[in-house]
Amino acid sequence: MALKMVKGSIDRMFDKNLQDLVRGIRNHKEDEAKYISQCIDEIKQELKQDNIAVKANAVCKLTYLQMLGYDISWAAFNIIEVMSASKFTFKRIGYLAASQCFHEGTDVIMLTTNQIRKDLSSPSQYDTGVALTGLSCFVTPDLARDLANDIMTLMSHTKPYIRKKAVLIMYKVFLKYPESLRPAFPRLKEKLEDPDPGVQSAAVNVICELARRNPKNYLSLAPLFFKLMTSSTNNWVLIKIIKLFGALTPLEPRLGKKLIEPLTNLIHSTSAMSLLYECVNTVIAVLISLSSGMPNHSASIQLCVQKLRILIEDSDQNLKYLGLLAMSKILRTHPKSVQAHKDLVLQCLDDKDESIRLRALDLLYGMVSKKNLMEIVKKLMTHVDKAEGTTYRDELLTKIIDICSQSNYQHITNFEWYISILVELTRLEGTRHGHLIAAQMLDVAIRVKAIRRFAVSQMSALLDSAHLVASSTQRSGICEVLYAAAWICGEFSEHLQEPQQTLEAMLRPKVTTLPGHIQAVYVQNVVKLYAAILQQKEQAADAQAAQEVTQLLVERLPQFVQSADLEAQERASCILQLVKHVQKLQARDVPVAEEVSALFAGELNPVAPKAQKKVPVPEGLDLDAWINEPLSDSESEDEKPKAIFHDEEPRHAKQRPPEADEQELARRREARKQEQANNPFYIKSSPSPQKRYQDAPGVDHIPVVQIDLSVPLKVPGMPMSDQYVKLEEERRHRQRLEKDKRKRKKRERERRGARRHTSLHTESDEDITPAQRVDIVTEEMPENALPSDEDDKDPNDPYRALDIDLDKPLADSEKLPVQKHRDTETSKSPERQDVTVVEKKSKKPKKKEKKQKEKEREKKKKKEAEKGVDLDFWLSTTPPAATPAPEEPGVNAAVTAPKEEPRGEEQDAGEDAEQDLEKPSEQKKKKHKKDKGERSKDKKRPKKRAPPREGDAEPVQNGALREEPLPPMSSYSLLAENSYIKMTYDVQGSLQKDSQVTVSMVLENQSSSFLKNMELNVLDSLNARLARPEGSSVHDGVPVPFQLPPGISNEAQFVFTIQSIVTAQKLKGTLSFIAKNDEGSTHEKLDFKLHFTCTSYLVTTPCYSDAFAKLLESGDLSMSSVKVDGISMSFQNLLAKICFHHHFSVVERVDSCASMYSRSIQGHHVCLLVKKGEKSVSVDGKCSDSTLLSNVLEEMKETLAKC
Amino acid sequence: MIKAILIFNNHGKPQLSKVYQPYSEDTQQQIIRETFHLVFKRDENVCNFLEGGLLIGGSDNKLIYRHYATLYFVFCVDSSESELGILDLIQVFVETLDKCFENVCELDLIFHVDKVHNILAEMVMGGMVLETNMNEIVTQIDAQNKLEKSEAGLAGAPARAVSAVKNMNLPEIPRNINIGDISIKVPNLPSFK
């Protein structure tokens, strides 16, 4: 046998392995492709052999070739063969190959389901691990559905290595099979508190990914994450959580308030830049979510901005980049605080690193104001000239336009300047953004009525020099501006100085080289111009000139009729006929101007881009109904007229209002004139801009409108827009002077009156009045439609399917599908049996069951409501101290010298019956009403308290029916009491800290005195010590952090360090305080005995039946049992009691028999089997420590005896 | 989420490509080429973040890379990842490689791409960060290697001998193309636990 193996391996040792292949490829540099195809042939031969090792070797080589770009999907089946090899070595090769080349389209992938399932349940953790890793790369909806349940089981695997992989892969499963999210979510949530940090981190990772897409569903987890944030030390986890909070705060501003303080603390304390950066980011998100009226938050903003400035000034480019990135977020809501750092941002614009320049550009967006817009844009224009790469230049261009057009041109004071900037931008070589400039030109010209005259003059100049724009190669991008220019000149032709000249420019033969859609616009606007000229000539009674124009058109239009573009052609031929007709009329001396211009009568109103979509569908109109019966398929295919008509941006779509009759038009025109006349800021046609230039002293008098049209646009020496900068400065200077004058007058007036708005008159943005009073027309929208309505959601977003309400209780049908014919050896948990039942549930449930279910549902609903209340309650409180004070010294205290008290002393835990006295439920109710001290506890342990409360729900989940409501319970027991004060306490452990327990003590003032200076002291033992603040000795007490007015109660927490947890023990202690009333104050003392039961070291940890079974089978647990007689309580309540008082959870329940599980803070497993007889209950326990078990059972016996 | 992890050398030759979204082989090659061109033209002392790999996903994505002597390590991530965190992850990755290969050099990556994949699989799974603690990663890798060795057992011996022989007549393999100074300083990055 061995010989055969050796022989086989000798046979194949001369096969090429991966290293040989790589070496070979490197040695065949010249004919690499040929060599590789030779190798692939060899590989194909190898794949045909039976020996799995040979196959694996071949697949390994294929994986390498895949990286080089060779398609290896043909070997998919062989890959599956290698995946199913029994040896890990080969399996790993197979899964790697699969993860590199399998995808949803791979058809053989469905063959893998069973193999993967087998590997998932393999006894070797690495087989399972490798299967999970592979699956994470190629999981398909089918695989996800079939394997979801198996993976979910793995989430409670005993090995953390598997657990963390299983948790992570769940995200992929959710994406492919969204139905699995709700059933799997509770377990995922549990993993947030997994004892292994790796698993915890994986769970945080998954939930953060989920929550990022649909944050509102995860809001209820906020308290849990908050707890993690304050307790975790893993930066990676912290970063994720903090990022998550950043996504949650916009939904819940109260959360933000709670976060500010701990985050600020972290900012101050952390040394890790990445953490600091994320904290700053989230604080920014919080500040954005909070309404601005909070004065105390300006400090936080300042802190953020200040930290960011440090980052930006850092020599490390990475930090600089991130600083700028975060700064841009602050900018959106608090521009003022960022504007102070303008110097820094402008400096970054000159950085050699393009990424940083781009970020700085982003920031500029918010830095502009009316005051500095021109200056900033000027700087950017110089950058445009300097920029070498087109991408960066394009970015600059879009940014300039963004900056100028932001919030409805808010910062532009001089639109002439803006138009000249746009014109200058058209000279950019090779930009992609011609259409952007064109859109701006159109928008400004349409909406800013006062600027039309100037715009038209500029546009006509642009048309005249069209050869410059369109000449050098076919720069299709920039010639888009001609589209705008032609349209503006045509539509507002009444403002043209020399319409005839423009008309000729538009009819030049060169125009036919422009793209079709621009030609079409040319043709259309030529007619508009023509109409205007006709009108003008006829009014001047110059028939000769009018006929000449007509003749020009008749001569030139045929060149468009021959255009290759259908639309240009159609329009041209249509118009040519029209003009010919006009020519005939003109020959007969019939006045035609009126009729031709009637073609274009009426005003165009700007329409909002989304307006069309927002038009409500009239009632009774079914858009999906066929108007005619659909034709057969073959015909309908070529029914797409898309190619004929260009679909332009909706903005450009011209919607002529229905022809208004002459009268109406005249009336409107009259009204408009009236309105303009009454508007002092409306610039009427006569004084016009030129005049102002002439008035302006000290500037080169280059009247823009009078540019000689034969000269190229660029004025040598100084770019045009620069003039405006100077002009603007002077204008503002003049304004300021005037204002000062006015102010002086006003002040005099104010001196007499009450001084009111003095503060308003500082030099601010508002002072700068625009040069043209622009009447920016708002875009039209249908009634009741809001422009901001969300309608850009992508319906194909894969994350949309995961928008699932997770707080709703699970319905019975919501279970993961389970393969029905499973291998018999796998342990059958009742959960699975359930599912099969559910799957078969075609029959209607019996009425009784139905009722039962309804009841359940109602109860659950109640619980949900309660949960909601919990969140509200958690959120409504003011921010607490970031870390509970007593907890911190706990670590230090553990190091302090042990006390020399003999151990046996506190073991005599004989009497003391009072410790188990149950407080009736009122206390719990009261607790909610009680004042704020309580919530620190509530918030920190919402999870821990939840299981006992849900104790009754647990078995239900596992398939049992519910019984009568539970008696109220409280875990708080009386500690000591006198006439002044009553102390109750509860001890809780946490899985995170294996040698600490937290004692929550409720102190209730029963007297009419005011209690203060309370101090708690405990006589430490060898085994248990009170955690005291750093620097205090073992004899010092720990101060209680509050005072108690009469009748008030509050809760304090104390941390104890415990060495051994297997036995119960008692600590003697004293509470000293000063009671102060009208008669004076007295020193008082109250002694108590703090009882640490073994139960208090147990932490409710859920466990699934399969893991439970494995645990029991492992055989390293010792066993013990107790029996209690005379019990009348129902089994249901009994279980609930055990769950509540002893921190167990029900694993499984069958009739009157249940298995329960709990875990000690030091990791001991405690398993119970509880059986109820006629009048007795027997409890069998198994535990990794026999002493602990017997003690726990003893304590349980005591509890049960009271039932 | 991490969308893709690429390693290529100064000539743009891929040494490892792991994409976590399905792309055809051609697109993958295009992505590698495009990314290389984006990264290659950048100076040494500029920031390690890049926007706009056009092929891999939209504007949400970033390229985060590091350059070690002859090799570029590029991670393409979306906005849910911390930029500095990923930079550190790359560092952990390289240090882990260094530990597993004992003074890693480019040749190790060239000849053992499968091992690099295995190491990566212990750090990142399906685009999500699985483990950031180097010791934990190395422990798992060692355990798997041990398992592999025990499986090879008797049969593995001759193969090992042959590969030793094969490597013997390769004195020209330069062992000194080191990945370079791994301890590139990143100020105050967190220590991952």
Side-chain angles (χ1 to χ4, degrees), chain A residues 2 5-6 9-10 13 17-20 22 60 63-64 66-71 87-89 92-93 96 103-104 126 133 136-137 161 164-165 168-169 171-172 197-198 202 205 208-209 212 233-236 239 243 271-275 277-278 316-318 320-322 352-353 355-356 358, chain B residues 1 14 16-18 20 22 24-26 28-29 43 45-51 80 82-85 87-88 110-114 117-118 121 125-133 136 140 143-144 147-148 151-152 154-156 158-159 162-163 166-167 170 186-193:
Chain A
M5 271 169 62
V6 172
S9 63
I10 287 176
M13 74 187 172
N17 63 13
L18 174 62
Q19 283 76 39
D20 299 325
V22 176
C60 186
T63 314
Y64 181 78
Q66 192 270 346
M67 182 180 77
L68 298 183
Y70 290 85
D71 176 26
K87 278 188 182 171
F88 170 73
T89 316
R92 182 156 76 165
I93 291 172
L96 173 62
H103 50 87
E104 276 182 31
Y126 291 114
T133 308
S136 72
C137 291
Y161 178 76
K164 70 180 178 194
K165 287 194 169 198
L168 264 194
I169 202 178
Y171 178 64
K172 294 280 176 162
N205 209 340
C208 288
E209 279 296 333
R212 197 164 67 94
T233 50
N234 182 338
N235 280 331
W236 187 260
I239 288 175
K243 265 181 170 287
S271 63
M273 273 303 180
S274 52
L275 186 57
Y277 172 68
E278 295 306 338
D316 183 357
Q317 297 279 317
N318 290 330
K320 194 185 282 259
Y321 173 89
L322 293 176
K352 61 184 183 310
D353 189 345
S355 298
I356 286 178
L358 286 174
Chain B
M1 283 271 283
L16 175 124
S17 89
K18 181 95 211 165
Y20 294 104
S24 74
E25 274 74 18
D26 289 341
Q28 282 187 34
Q29 291 303 306
D43 289 337
N45 49 357
V46 298
C47 73
N48 300 89
F49 314 122
L50 258 182
E51 278 143 87
S80 72
S82 146
E83 290 87 349
L84 294 174
L87 267 187
D88 210 66
I110 294 175
F111 284 108
H112 302 283
V113 64
D114 50 342
H117 267 297
N118 295 336
M125 192 176 123
M128 314 236 276
V129 178
L130 178 69
E131 183 60 67
T132 51
N133 181 346
E136 172 69 19
Q140 299 299 348
Q144 290 176 33
L147 179 62
E148 203 166 45
E151 279 181 352
L154 184 56
V162 167
S163 87
K166 277 178 185 165
N167 280 331
L170 272 177
V186 179
N188 285 330
L189 281 191
S191 53
F192 288 104
K193 283 183 206 162

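Below, read A as the first sequence line, B as the second, and so on, with proteins coming before strands; counting in each chain starts at 1.
Interface residue B:Q140: backbone and side-chain heavy atoms are both found under 4.5 Å from chain A. With a 4.5 Å cut-off on non-hydrogen atoms, B:L130 touches chain A through its backbone and its side chain both. Both the backbone and the side chain of B:E148 come within less than 4.5 Å of a heavy atom in chain A.
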Inset, instruction - Check the pair A:K164, B:M125 against side chain to side chain contact (heavy atoms under 4.5 Å, CB included), reporting the backbone distance first and the verdict last. - result: CA-CA 10 Å; A:K164 70 180 178 194; B:M125 192 176 123; over 6 Å; no
Inset, instruction - Test side chain to side chain contact (heavy atoms under 4.5 Å, CB included) on B:V113 and A:L18 and set out the steps. - result: CA-CA 9 Å; B:V113 64; A:L18 174 62; 4.1 Å; yes
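For B:E131 (side chain) and A:G198 (main-chain N/O), no donor-acceptor pair under 3.5 Å exists by modelled atom type. Using modelled atom types, no side-chain atom of A:N318 and backbone atom of B:L84 make a donor-acceptor pair closer than 3.5 Å. Without hydrogens or angle criteria, B:E151 side chain to A:F88 main chain gives a donor-acceptor distance under 3.5 Å. With B:Q29 contributing its side chain and A:M67 its backbone, the two residues share a donor-acceptor pair below 3.5 Å.
In this structure, B:G126 and A:S136 approach most closely via the heavy-atom pair N-OG, 3.3 Å. Scanning both residues, A:K243 and B:S80, for their nearest heavy atoms gives CD-O, 3.4 Å. For the residue pair B:E25 and A:Y70, the shortest heavy atom distance occurs at CG-O, 3.4 Å. Listed here is the closest heavy atom pair of B:I110 and A:Y64: O-CE1, 4.1 Å.
Using a 4.5 Å heavy-atom threshold, the side chains of A:L322 and B:F49 count as touching.
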